[in-house]
2 protein chains.
Amino acid sequence: MLMRDLVKAFKALSDDTRLRILNLLLERECCVCEVMQALDISQTRASRNLSVLHDAGFLKLRRDGLWSLYSIDSEGMKGSYSALVEAVRQGLDGNGLASRDKARLSTAERVGPGCVKRCKGEGDE
Amino acid sequence: MLMRDLVKAFKALSDDTRLRILNLLLERECCVCEVMQALDISQTRASRNLSVLHDAGFLKLRRDGLWSLYSIDSEGMKGSYSALVEAVRQGLDGNGLASRDKARLSTAERVGPGCVKRCKGEGDE
DNA sequence: ACCGTATATGCACATATTCGCAAGTGATGC
DNA sequence: GCATCACTTGCGAATATGTGCATATACGGT
């Protein structure tokens, strides 16, 4: 494996926001607006960080109409990558912020019209 | 585990030089000058990057006279960290650069006087 | 065709990272 | 004490990264 790819993978994981996103996706597939809702971050931020994880090879992208649905790419991931994801899962186990994110995800309405607007309006926490 | 620590660990691993260093230390304990010889990098660079890995919790430091001997801290590492190191080992398996580094390490003379000077003199590769 | 919605992207700016140089630290030996 | 050696650290410069704002793109419904 190229050193470059491995570095890219680690870079992708060395950010708060992206770790929280990965944690969320360990729960289930999400669209961008669900991520922004659960993490209470801007749309740009959600989109950009999702695409970093995607470029690094951790995520799978599936389009459905207007929505971009991201999920952890278990099959497509190169050998050692799944070990990294597993390390994240373990490392974040019991983490307060991570748990709250997940809680907010289940609370959040599933994809549907007005999703982005709803998120912008609600200064939730 | 704190998100901050996990991010720090990944940051530590998201750099060429540091991955090569870790690869080297998977072979055996090394002093700073051995690292600079094997990787053909400056002394500052070797020292700085070693200390980043150390701060992140991957390395153990042992002083012996003039020398700072770094090694992978298998016992001291937090749970998921060993999985990360293992992922690096696997990811770098068969990597050309990583192999050459290791080869140069065995070639390099063991710690001894003039080690730093020798390395600076030889524009080896 | 037009509008509204979900997502992507160009640009600008603030902050962080990496690294070389030069100077500092601490141990060893004369 | 003084010189030497392995290593560390402060500083400055080049580069990379993360983010918001505004704008672009792409799709579905009317």
Side-chain angles (χ1 to χ4, degrees), chain A residues 4 7-21 29-56 59 61-71 108-121, chain B residues 3-4 7-21 29-56 59 61-70 108-121:
Chain A
R4 154 183 281 108
V7 169
K8 192 174 191 178
F10 283 122
K11 268 198 206 305
L13 298 178
S14 50
D15 178 274
D16 251 65
T17 308
R18 289 193 291 271
L19 248 34
R20 291 170 67 196
I21 289 180
E29 184 187 56
C30 292
C31 69
V32 179
C33 64
E34 284 177 310
V35 171
M36 62 183 286
Q37 280 184 78
L39 269 53
D40 192 27
I41 57 178
S42 77
Q43 188 266 328
T44 302
R45 200 168 158 189
S47 173
R48 278 245 164 67
N49 284 302
L50 277 162
S51 92
V52 170
L53 285 168
H54 181 258
D55 281 0
L59 305 185
L61 170 55
R62 183 169 72 86
R63 309 256 185 194
D64 177 20
L66 285 177
W67 294 278
S68 294
L69 296 159
Y70 289 92
S71 57
E109 297 174 60
R110 193 77 174 89
V111 274
C115 162
V116 171
K117 199 170 292 176
R118 261 204 314 282
C119 185
K120 278 185 180 168
Chain B
M3 183 100 59
R4 157 182 285 110
V7 170
K8 192 177 192 177
F10 283 122
K11 267 196 205 309
L13 298 178
S14 52
D15 179 273
D16 250 65
T17 308
R18 289 194 289 272
L19 247 33
R20 292 170 67 196
I21 290 180
E29 186 186 54
C30 292
C31 68
V32 179
C33 63
E34 286 179 307
V35 172
M36 61 183 285
Q37 281 185 77
L39 268 55
D40 192 27
I41 56 177
S42 78
Q43 191 267 329
T44 302
R45 198 166 158 189
S47 174
R48 278 248 167 67
N49 285 301
L50 277 162
S51 94
V52 170
L53 285 168
H54 181 258
D55 281 2
L59 305 185
L61 169 55
R62 183 169 72 87
R63 309 254 184 195
D64 177 20
L66 286 176
W67 293 280
S68 293
L69 296 160
Y70 287 94
E109 297 173 60
R110 194 79 174 86
V111 273
C115 163
V116 172
K117 198 170 292 175
R118 263 206 310 284
C119 185
K120 278 186 178 166

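The figures here come from the full heavy-atom set of this structure, side chains too, leaving out hydrogens, waters and symmetry mates. Within every chain, numbering begins at 1; the chains are lettered A, B, ... in the order of the sequence lines, protein sequences first and strands thereafter.
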Spacing between [X] atom [atom1] and [N] atom [atom2], to the nearest angstrom:
{"X": "Arg20(A)", "N": "dT19(D)", "atom1": "CZ", "atom2": "P", "value": "11 Å"}
{"X": "Asp16(A)", "N": "dT17(D)", "atom1": "CG", "atom2": "P", "value": "17 Å"}
{"X": "Met36(A)", "N": "dG20(D)", "atom1": "CE", "atom2": "P", "value": "10 Å"}
{"X": "Phe10(B)", "N": "dT17(D)", "atom1": "CZ", "atom2": "C1'", "value": "18 Å"}
{"X": "Leu50(B)", "N": "dT9(D)", "atom1": "CG", "atom2": "C1'", "value": "15 Å"}
{"X": "His54(B)", "N": "dT9(D)", "atom1": "NE2", "atom2": "P", "value": "11 Å"}
{"X": "Leu39(A)", "N": "dT19(D)", "atom1": "CG", "atom2": "C1'", "value": "15 Å"}
{"X": "Lys11(B)", "N": "dT17(D)", "atom1": "NZ", "atom2": "C1'", "value": "8 Å"}

Distance test, side-chain N/O of [X] to OP1/OP2 of [N], below 4.0 Å:
{"X": "Arg45(A)", "N": "dT19(D)", "answer": "yes"}
{"X": "Ser14(A)", "N": "dA16(C)", "answer": "no"}
{"X": "Ser42(A)", "N": "dG20(D)", "answer": "yes"}
{"X": "Tyr70(B)", "N": "dA6(D)", "answer": "no"}

- Base, sugar-phosphate, or nothing: which does Ser51(B) touch, judged by heavy atoms less than 4.0 Å apart?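 It contacts nothing in the nucleic acid.
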- Query: Touch check for Thr44(B), heavy atoms < 4.0 angstrom, all strands: base, sugar-phosphate only, or nothing?
  - Reply: base
- Can you measure from CZ (Arg4(B)) to CG (Leu19(A)) and round to the nearest 0.5 angstrom?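 Answer rounded to 0.5 Å: 13.5 Å.
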What heavy-atom pair brings [X] and [Y] nearest, and what distance separates the two atoms?
{"X": "Leu53(A)", "Y": "Ala12(A)", "value": "CD2-O, 3.9 Å"}
{"X": "Arg18(A)", "Y": "Lys11(A)", "value": "NH2-O, 3.2 Å"}
{"X": "Ile21(B)", "Y": "Ala46(B)", "value": "CD1-O, 4.3 Å"}

- Task: Compare all side-chain heavy atoms of Val35(B) with those of Tyr70(B) and state whether any distance is below 4.5 angstrom.
- Result: no
- Query: DNA chain D: Arg18(A) or Leu66(A), which has the more 5' nearest nucleotide?
  - Reply: Arg18(A)
Looking only at the side chain of [X] (C-beta and beyond, no hydrogens), which of the listed nucleotides [options] gets closest?
{"X": "Trp67(A)", "options": "dA6(C), dT9(D), dC7(D)", "answer": "dA6(C)"}
{"X": "Asn49(B)", "options": "dC19(C), dC7(D), dT7(C)", "answer": "dC19(C)"}
{"X": "Ser47(A)", "options": "dT9(C), dC21(C), dT19(D)", "answer": "dT9(C)"}
{"X": "Cys33(A)", "options": "dC11(D), dC7(D), dT7(C)", "answer": "dT7(C)"}

- Message: Whether the side chain of Gln43(A) and the base of dA8(C) hold a donor-acceptor pair under 3.5 Å is what I'd like checked.
- Response: yes
- Could one point to a donor on the side chain of Arg48(A) or the base of dG10(C) with an acceptor on the other under 3.5 Å away?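 Answer yes: a donor N or O sits under 3.5 Å from an acceptor.
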